[in-house]
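Heads up, the thing below is written out as structure tokens.
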Amino acid sequence: MGQFAEQVVNGLQLGFVYALIAVGYTMVYGIIKLINFAHGDVIMVGAFVTYFGLVRGIPWPAAILIGMATCALLGVVIERLAYRPLRVKGAPRIAALITAIGVSLFLENFASLRIAFGPDHRQFPAMVTRLQWNVFGVTISSVQVLIAGVTVLLVLILQLVVYRTKIGKAMRAVALDMDAARLMGINVDRVIAFTFAIGSALAAAAGALWAAAYPQIWPYMGIPPGLKAFTAAVLGGIGSIPGALLGAVLMGQAEVLTAAYITTDFRDAVAFALLILVLLVRPAGLLGKAGPEKV
């Protein structure tokens with residue numbers, strides 16, 4: 001039982017990182033019905049910016065905040081230059097999807113250039129002293145405490161922003177009906193840009209936490225966690241923040257328990273099989289709501 005409990009804790013560590021990424025996916029989709037495939041590469045940028053802050057002696061909370069601010073700005077720039085022109089011109093959704101893939105490839109390849117981050121792997125410095133504690137027979141590390149604490153704090157702040165602020169009310173209005181929100185005087189473009197900023201900031205924090213747990217970074221590091229987090233968002237119900245959190249935790253548990261008790265070769269297969277099984281029963285995801293489509 002002690003070993004099983006430790007694997008559950010490891011699954012929570014992975015699930016918490018997925019959660020911050022999945023929330024960014026689900027927020028953008030909830031507002032403009034776009035799967036932002038460049039989101040995974042924002043994780044990479046956040047990890048690198050945090051890395052450069054740490055190697056220059058900046059304390060880890062400030063380094064993460066700098067990474068979050070940088071990626072928030074990057075998210076706004078991506079939305080303004082890549083997605084907004086398509087939205088203004090009424091381009092089909094497939095055009096926005098292809099553009100998202102193009103932005104993703106651009107970020108990965110630009111980051112690989114020597115004038116940017118370079119193609120080499122880098123060892124991510126430790127943000128906290130690596131300690132371990134035995135709690136009721138379960139070994140918990142300082143890195144796991146860091147990941148859990150930062151994730152819970154950011155999710156609570158996000159909940160306050162979404163449900164207790166004016167911009168949060170505008171976000172919920174735009175997600176419900178963009179045209180009606182515009183008629184009520186809401187600046188829809190500003191709300192969408194803010195959503196991209198928030199989602200990208202959370203992705204940056206996730207990138208730093210991912211690098212803290214698995215301390216190597218490189219320009220293509222955002223692809224695996226980005227894909228898994230997107231799957232988690234669909235599993236929980238794309239467009240639902242609680243669904244994204246639930247799906248991320250389940251995805252993390254499925255991967256870790258499969259690797260521990262079956263084989264590491266099947267960890268991805270079991271995680272995606274879980275998604276398929278859930279969607280066969282609930283096509284909208286665990287907490288998603290099926291609704292009529294506008295014609």
Side-chain angles (χ1 to χ4, degrees), residues 9-31 35-51 60-61 63-75 124 127-128 143-162 168 171 194-215 217 221-253 255-256 271 287:
V9 171
N10 292 334
L12 288 175
Q13 169 188 299
L14 185 60
F16 282 158
V17 177
Y18 285 161
L20 291 179
I21 309 169
V23 166
Y25 275 115
T26 206
M27 287 176 63
V28 170
Y29 182 85
I31 295 289
I35 303 299
N36 180 23
F37 281 114
H39 197 64
D41 300 293
V42 177
I43 303 168
M44 173 267 298
V45 175
F48 268 100
V49 173
T50 305
Y51 164 82
W60 68 263
I64 291 180
L65 288 175
I66 293 172
M68 293 176 67
T70 302
C71 287
L73 179 60
L74 176 62
F124 195 82
M127 291 196 290
V128 294
V143 173
Q144 290 171 333
V145 173
L146 170 68
I147 291 173
V150 172
T151 300
V152 171
L153 176 63
L154 291 178
V155 168
L156 289 176
I157 293 174
L158 176 65
Q159 291 294 97
L160 290 175
V161 170
V162 172
M171 289 168 62
F194 182 80
T195 303
F196 269 84
I198 292 293
S200 299
L202 293 177
L209 296 179
W210 179 275
Y214 313 101
I217 58 175
M221 63 168 286
I223 297 175
L227 180 60
K228 297 291 182 59
F230 168 65
T231 305
V234 176
L235 174 65
I238 191 75
S240 167
I241 292 178
L245 299 176
L246 176 61
V249 171
L250 291 178
M251 183 67 68
Q253 294 294 343
E255 282 194 50
V256 170
L287 300 183

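Keep in mind the model is a prediction, meaning the values are calculated, not measured.
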(request) Could you pull out all residues at least two apart from L227 that satisfy side-chain contact (heavy atoms from CB on, under 4.5 Å)? (result) F272
(message) According to side-chain contact (heavy atoms from CB on, under 4.5 Å), who are the partners of L158, at least two apart in sequence or on a separate chain?
(response) V23, M27, V162, I198, L202, I241
(request) Let me see the working for L12 and V249 under side-chain contact (heavy atoms from CB on, under 4.5 Å), right down to the final yes or no. (result) CA-CA 6 Å; L12 288 175; V249 171; 3.9 Å; yes
(message) If I compare all heavy atoms of A244 with all of T26, which pair ends up nearest, and what's the gap?
(response) CB-CG2, 3.9 Å
For residues 146-153, dump all side-chain donor-acceptor pairs below 3.5 Å to protein atoms at least two apart in sequence or in another chain.
unit_1: T151; atom_1: OG1; unit_2: I147; atom_2: O; d: 2.7

(request) Not counting sequence neighbours, which residues clear side-chain contact (heavy atoms from CB on, under 4.5 Å) with Y29? List them please. (result) K33, I35, I238
(request) Using side-chain contact (heavy atoms from CB on, under 4.5 Å) as the criterion, list what pairs up with L65, not counting sequence neighbours. (result) M68
(request) Write down the atom of V143, the atom of A212, and the distance for their closest heavy-atom approach. (result) CG1-O, 3.8 Å
(message) Measuring from atom CG of L14 to atom CG of L209, what distance do you get when rounded to the nearest 0.5 angstrom?
(response) 12.0 Å
(request) Answer yes or no: is there a donor N or O on one side and an acceptor on the other, between the side chain of H39 and the main chain of G226, under 3.5 Å? (result) no
(message) Tell me the closest heavy-atom pair linking G247 and L235, and the distance in Å.
(response) O-CD2, 3.7 Å
(request) Can you measure from CD (Q144) to CG (N10) and round to the nearest 0.5 angstrom? (result) 5.0 Å
(message) I'd like to check the ring pair (Phe, Tyr, Trp, His ring centres under 6.0 Å) partners of F16; sequence neighbours left out, ordered by chain and number.
(response) none
(request) Name all residues meeting the ring pair (Phe, Tyr, Trp, His ring centres under 6.0 Å) criterion together with Y18; count only those two or more places apart in sequence or in a different chain, and write none if there are none. (result) none
(request) Over 60° means perpendicular and under 30° means parallel, so classify the ring planes of F48 and Y51, tilted if in between. (result) perpendicular
(request) May I have all residue pairs that pass salt bridge (Lys or Arg N to Asp or Glu O under 4.0 Å) and include part of residues 16-27, sequence neighbours excluded? (result) none
(message) Applying side-chain hydrogen bond (donor to acceptor under 3.5 Å, both in side chains) as the test, list every pair that has at least one member in residues 228-246; sequence neighbours left out.
(response) K228-E255, K228-D268
(request) Evaluate the side-chain contact (heavy atoms from CB on, under 4.5 Å) criterion for residues Y214 and M221: first the C-alpha distance (whole Å), next the side-chain angles of each, then the deciding distance (0.1 Å), finally the verdict. (result) CA-CA 11 Å; Y214 313 101; M221 63 168 286; over 6 Å; no
(request) Working to the nearest 0.5 Å, report the span between CG of N36 and OG1 of T195. (result) 11.5 Å
(request) Find out whether P225 and V17 are in side-chain contact, i.e. whether some heavy atom of one side chain is under 4.5 Å from a heavy atom of the other. (result) no
(request) Check G222 against M44 and note the closest heavy-atom contact, atom names and distance. (result) N-CB, 4.3 Å
(request) Would you name the heavy atoms of I43 and A206 that are closest together and state the gap between them? (result) CG2-C, 4.5 Å
(request) Evaluate the criterion side-chain contact (heavy atoms from CB on, under 4.5 Å) for residue pair S200 and L74; output intermediate values, then yes/no. (result) CA-CA 8 Å; S200 299; L74 176 62; 5.9 Å; no
(request) Indicate the atoms forming the closest heavy-atom contact of G11 with V256, along with that distance. (result) CA-CG2, 3.6 Å
(request) Could you tell me the separation between the CD1 atom of I31 and the CZ atom of F196, rounded to the nearest 0.5 Å? (result) 10.0 Å
